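Atoms considered below: every heavy atom in the structure, side chains included; atoms not considered: hydrogens, waters and symmetry mates. Values in this document were obtained by computation on a predicted structure and should not be read as measured data.
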Number of protein chains: 2
Amino acid sequence: MRSPDELSEFLRANGLKATPQRHAVFEALHRESGHPTADDIWARVREQMPTISLRTVYQALHDLVDLGEARIVTVGAGAAQFDRNTEQHDHFVCRKCEAIFDVVSSRPRLMSGFPDVADVELPATDGSGPSGARSDVVEPAANFQIETAEVIFRGLCAPCGG
Amino acid sequence: MRSPDELSEFLRANGLKATPQRHAVFEALHRESGHPTADDIWARVREQMPTISLRTVYQALHDLVDLGEARIVTVGAGAAQFDRNTEQHDHFVCRKCEAIFDVVSSRPRLMSGFPDVADVELPATDGSGPSGARSDVVEPAANFQIETAEVIFRGLCAPCGG
DNA sequence: GCAATAGCTAACAAAACTTGTTAGTTGCCA
DNA sequence: TGGCAACTAACAAGTTTTGTTAGCTATTGC
């Protein structure tokens with residue numbers, strides 16, 4: 001995690017101003033446990049900065065995402081959850097308590113050589129085909145450029161009796 | 001895909017009534033290309049049944065999900081997208097056109113023996129730890145019960161120049 | 001240090017998506 | 001075919017996120 005000075009420098013190096021709001025959001029993201037929502041961050045930041053708006057929190061979080069300092073985790077409906085862990089990792093979602101857990105090191109074991117995987121069969125169904133009919137065209141995988149992959153495991157977490 | 005008669009029988013066998021609305025939504029889901037939203041389905045169904053409400057479409061779609069006849073695909077923000085393909089498969093999302101493509105057969109190649117995978121390191125970060133501090137407790141994987149997994153690939157699709 | 005300015009924040013409004021509620025209707029079973 | 005449980009349509013409202021804009025602030029050149 002970057003120190004305040006490092007964050008200021010990092011923001012300026014990327015053409016953004018080092019404002020107290022951005023520092024507060026960054027720190028809250030790292031202090032908050034798990035995978036907080038924008039609302040979680042807002043509540044945390046307001047403890048020290050009562051007048052900050054939720055809009056500003058959204059803005060700052062998306063700036064951090066754009067700079068690669070955070071990720072958005074989308075594992076289902078509801079509010080977006082933010083992830084300060086930018087290392088390669090996957091997620092486990094408990095179907096009972098709905099908590100999200102980071103899964104480390106599953107990628108190398110599950111995918112050999114990703115993202116250089118070249119022979120995945122892609123696709124079975126076109127997402128943008130002619131609107132009048134289901135498209136079953138199968139394109140050669142070579143024409144699809146895979147850049148990232150994320151794995152979402154679902155099940156029962158240990159505290160819930162998994 | 002089930003015939004209308006089969007669908008009626010299937011619905012009744014599961015304690016639901018076989019209504020024209022449910023048939024229309026089911027057929028629209030299968031006629032629509034790709035991974036339609038509830039709104040897409042609504043538009044399609046209204047061609048033949050102009051008075052159906054969006055609420056009813058949502059209801060019918062969730063019934064189909066509950067019965068295992070459809071899946072909800074969550075690959076990011078925006079409206080939920082429904083997937084009539086209930087076979088084991090993954091998804092590719094184009095970062096340019098945002099279309100979703102089904103990816104078949106990636107699972108066996110990428111995961112040996114899933115879901116019996118027992119040695120995934122889980123988790124690095126707790127999603128429900130004490131609210132005051134980040135939890136870095138690592139639980140043994142044996143206490144986590146993995147039931148499903150989905151892989152989301154992202155990149156450039158062939159039509160977009162991948 | 002200080003002023004000019006580009007960018008940022010707070011407040012407000014509203015979009016987008018989904019669900020709650022309820023009165024009236026309809027499919028289903030006896 | 002009648003009675004009832006389930007369903008639908010209509011309406012309202014909740015939730016999450018983004019658009020807009022006037023005033024404020026961090027930065028930079030001096």
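- In this entry the distance linking NE2 of B:His62 with P of C:dC17 reads 14 Å, nearest Å.
- Using a 4.0 Å heavy-atom cutoff across all strands shown, B:Ala38 reaches no nucleic acid atom at all.
- Where B:Asp39 and B:Arg12 meet DNA chain C, the nucleotide closest to each residue was compared, and B:Asp39 sits on the side nearer the 5' end.
- With sequence neighbours excluded, the residues satisfying salt bridge (Lys or Arg N to Asp or Glu O under 4.0 Å) with B:Arg2 are B:Glu69.
- Regarding B:Glu9, its CD atom lies at a distance of 12 Å from the P atom of C:dC28, rounded to whole Å.
- Across residues 69-79 of chain B, not one residue has a non-hydrogen atom less than 4.0 Å from an atom of DNA chain D.
- Read 5' to 3', the first and last nucleotides of DNA chain D with an atom closer than 4.0 Å to a heavy atom of chain A are D:dT16 to D:dT27.
- Within a 6.0 Å radius of CD in A:Glu47, other residues, nucleotides and ligands contribute more than 12 heavy atoms.
- Between B:Asp40 atom CG and C:dC17 atom C1' the separation is 13 Å, expressed in whole Å.
- Contacts between residues 14-27 of chain B and DNA chain D, defined by a heavy-atom separation below 4.0 Å, involve B:Leu16, B:Lys17, B:Thr19, B:Gln21, B:Arg22, listed by number.
- Of the residues in residues 48-59 of chain A, those with a non-hydrogen atom less than 4.0 angstrom from any atom of DNA chain D are A:Leu54, A:Arg55, A:Tyr58.
- For the pair A:Arg46 and A:Trp42, the cation sits on the ring face: its NZ or CZ lies under 6.0 Å from the ring centre, inside 45° of the axis.
- For the residue pair B:Thr37 / B:Asp40, a side-chain donor-acceptor distance below 3.5 Å is found, with atom types taken as modelled.
- Here B:Asn14 pairs with B:Phe10, B:Leu67 under the side-chain contact (heavy atoms from CB on, under 4.5 Å) rule; sequence neighbours left out.
- Ion pairing of A:Arg154 with B:Glu147 is absent here, as no side-chain N (NZ or NE/NH1/NH2) approaches a carboxylate O to less than 4.0 Å.
- Of the N and O atoms on the side chains of A:His89 and A:Arg71, at least one donor lies less than 3.5 Å from an acceptor on the other residue.
- Distance CG (A:Asp63) to C1' (C:dG7): 11 Å, rounded to an integer number of Å.
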